[in-house]
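Order of the sequence lines sets the chain letters (A, B, ...), proteins ahead of strands, with each chain counted from 1. Keep in mind the model is a prediction, meaning the values are calculated, not measured.
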Amino acid sequence: MAWPAASFLAIRVWKRNFTVFRKHWIGAILVYFADPIFYLIIFGIGLGGYISSMEGESYLEFIAPGIIFGTAMITVCMECTYGSFTRMEIQKTFEAMIATPLSIDDVIIGEILWGASRGLFTATIIFSVILFLGLFHSPWVILIFPLVVLEGILLASISLVVTSFASNYEYVNYYYALFIAPAFYLSGIFFPLERFPAWLQGIAYVLPMTPLVRISRALSKGVIAQWMLGPLTWLILFAIACTVLAVNLMKRRLIK
Amino acid sequence: MIICATNLTKKFGSVEVVKGINFHVASGECFGILGPNGAGKTTTMRMIYCASPLTSGTLTVFDLDVQRHFRTIKARLGVVPQDNNLDDDLTVIENLLMYAEYFGIAKSEALHRAESLLEFVQLQEKSRDRISTLSGGMKRRLILARGLINRPHLLILDEPTTGLDPEARHLVWQKLRSLKENGTTVVLTTHYMEDAEQVCDRVAIMDLGTIIVEGNPVELVRGIVGTECYELEPFPATDGFLDHRLRDAGVPFHKLGATYYLFPGSATGEWTAEEIPHRRLLHRRATLEDLFLKLTGKELNQ
Ligand SMILES: Nc1ncnc2c1ncn2[C@@H]1O[C@H](COP(=O)(O)OP(=O)(O)OP(=O)(O)O)[C@@H](O)[C@H]1O
Ligand SMILES: [Mg+2]
């Protein structure tokens, strides 16, 4: 296990992906608009009609911050599984890149940064919608953005770890069933985790989404508290570990 | 020396596919690595362009160690890989511009170079097209253009002309000659022996991971198979007799299918090709291909 030896050249990998993305960014906006708006309408307005208040807020206000992180998660995970796998295995883009001054480390770090950027892009769209609907009441919600970046780096590297073992697109289904879906639905986006039995809460708390949802919900209420430090430290360490692991596993796969 | 390989060895798992080879390439030289499928040519090239780590031995490019100074080395290399790896998400010209970006070439300069390279490989009209709409030969030409975008000091070409039509092939070799005149060093592999003979100053013939011979192609041919060759297709019934007769006269030969290739240069006895009852007889200059077949042919060696 070696520390990633990436350089600033990783930005060029990011730039390549951005150039391609720019060609269909309008489509991407539509896609990522649609998804969270469904959640907000179905759960927030539909289901929310039966719930008068949730921890002192309307149900829509309750789920809003979590929707940002949940949708960003899906974006990042798709980009660093389907997207990265296509570039690596089908199009041999990584192979072409490493015949230039770029190293494999640069390529993988570039992919992680890119995955995180996609997440940030999606989050920004949903954030704007929620802001427009008047569901935020505290300026502290601006701190959601650095949190989304942290989330993006963490999930991009976890996804690349999975991709480093993939032999075809089927693996994304396993990843979805075993990680993405539990992380999404057990994160407490839609109701407080205290409803779950203890063992399920235990699982929920090690999944990366749970602390993000908790912290962002507090931020949207204008709360900044010391208890946030623990989960934040955990997320940062988790992200560093997964990044190191992703780079090493990808090197093992790609260097022959 | 631009490249210097000493005991260069590569194993995949426990299988040794490059077995301690030694070679060097001088500045401005065109060096060809020839050999049958699976000989280890691509593996050797990949080690030179720092894409594949050595198992043992040493390899320096521009007098720098490939393991430690890969960025500096790669900045001055142009690579045409055997397998196409153009970026399908980008158009023809974007492929060149993005590659220039990887090398850190300024945008305006990159555009200027990309346009002139597209002209050289005759793809100006395809500039805005998607990669998937190009024919196989066009992709190959674009990869060659891509390999030149950073004005490399050393070009590494793994079967650059495979899939090209004759005109495009000649254009590529011509361009290589002009690059060489400007001091670019070239290492290439090809299965077109005629081209290798014309373009390369030196060739190494590889088989099963080792270099069998190395030297100037014309001198190698003259030294090993001589200057002339008879291609002869005897009447089937005379087969056994013919082998006997040729050995008696000390005429080196090899067989490929029904055809005999005779190299009378070093014959010790009296004989003429015409005396042998034949369906077809062709007298021609001996070529690198004859040498190649003689050294690497599996079923035909005598
Ligand atoms: N990644 C790999 N893993 C295992 N074996 C490999 C790998 N790459 C190549 N080989 C083996 O190494 C040997 C040499 O392959 P290489 O691609 O260098 O041959 P080559 O001389 O370029 O052949 P060709 O003329 O067909 O391109 C072959 O036996 C091949 O099967
Ligand atoms: Mg090859």
| said: Test salt bridge (charged side-chain N to carboxylate O under 4.0 Å, His left out) on B:D89 and A:R16; report intermediate values, then the result. | reply: CA-CA 10 Å; B:D89 289 330; A:R16 182 261 165 216; 3.0 Å; yes

| request: Give a yes or no answer on whether the side chain of B:K74 reaches the backbone of A:I98 with a donor-acceptor pair at less than 3.5 Å. | output: yes

| query | What part of A:A5 lies closer than 4.5 angstrom to a heavy atom of chain B: side chain, backbone, both or neither? | reply | backbone

| field | Under-4.0 Å salt bridge between A:R87 and B:D88 | value | no

| request: Could you tell me whether the side chain of B:Y99 and the main chain of A:A96 form a donor-acceptor pair under 3.5 Å? | output: yes

| task | Please determine, among B:E101, B:R146, B:E94, B:K10, the option with the most heavy-atom pairs under 4.5 Å with chain A. | result | B:E101

| request: Can you establish whether the number of heavy atoms outside B:R130 located under 6.0 Å from its atom CZ is more than 12? | output: no

| message | At under 4.5 Å between heavy atoms, what parts of residues 161-170 of chain A are in contact with chain B? List them by residue number. | response | none

| note | Turns out that what part of A:S7 lies under 4.5 Å from chain B's heavy atoms comes down to both

| Does any heavy atom of chain B fall under 4.5 Å from the side chain of A:S103, the backbone, both, or neither of them? | both

| said: Heavy-atom cut-off 4.5 Å, strictly under: side chain, backbone, both or neither for B:Y102 against chain A? | reply: both

| query | Quick check: are there more than 12 heavy atoms from other residues, nucleotides or ligands sitting under 6.0 Å from CZ of A:F38? | reply | no

| query | Above 12 or not: heavy atoms from other molecules or residues under 6.0 Å from NZ of A:K15? | reply | no

| task | Please test B:R71 against A:D106 for side chain to side chain contact (heavy atoms under 4.5 Å, CB included), starting from the C-alpha separation and ending with a verdict. | result | CA-CA 11 Å; B:R71 276 192 221 277; A:D106 297 331; 2.5 Å; yes

| So what's closer than 4.5 Å to chain A heavy atoms on B:I156: side chain, backbone, both or neither? | neither

| request: Side chain from CB out, backbone as N, CA, C, O: work out which of these in B:F103 comes under 4.5 Å of a heavy atom of chain A, or both, or neither. | output: both

| task | Please report the shortest heavy-atom distance between A:K23 and B:L90, naming the atom on each side. | result | NZ-CA, 3.8 Å

| request: Below 4.5 Å from any heavy atom of chain A, which atoms of B:T55 appear? Answer side chain, backbone, both or neither. | output: neither

| query | Under a 4.5 Å heavy-atom cut-off, does chain A meet the side chain of B:D87, its backbone, both or neither? | reply | side chain

| request: Answer with side chain, backbone, both or neither: which region of B:P53 has an atom nearer than 4.5 Å to a non-hydrogen atom of chain A? | output: both

| What is the minimum heavy-atom distance between B:A75 and A:P101, and which atoms define it? | CA-CG, 3.7 Å

| task | Please check if the side chain of B:S52 supplies one atom and the backbone of A:K256 the other of a donor-acceptor pair under 3.5 Å. | result | yes

| query | Contact part of B:R76 toward chain A, heavy-atom cut-off under 4.5 Å: side chain, backbone, both or neither? | reply | neither

| query | If you count heavy-atom pairs under 4.5 Å with chain B, which of A:I255, A:L102, A:T93 comes out on top? | reply | A:L102

| said: Once rounded to the nearest 0.5 Å, what's the spacing between atom CZ of A:R12 and atom CE of B:M98? | reply: 11.5 Å

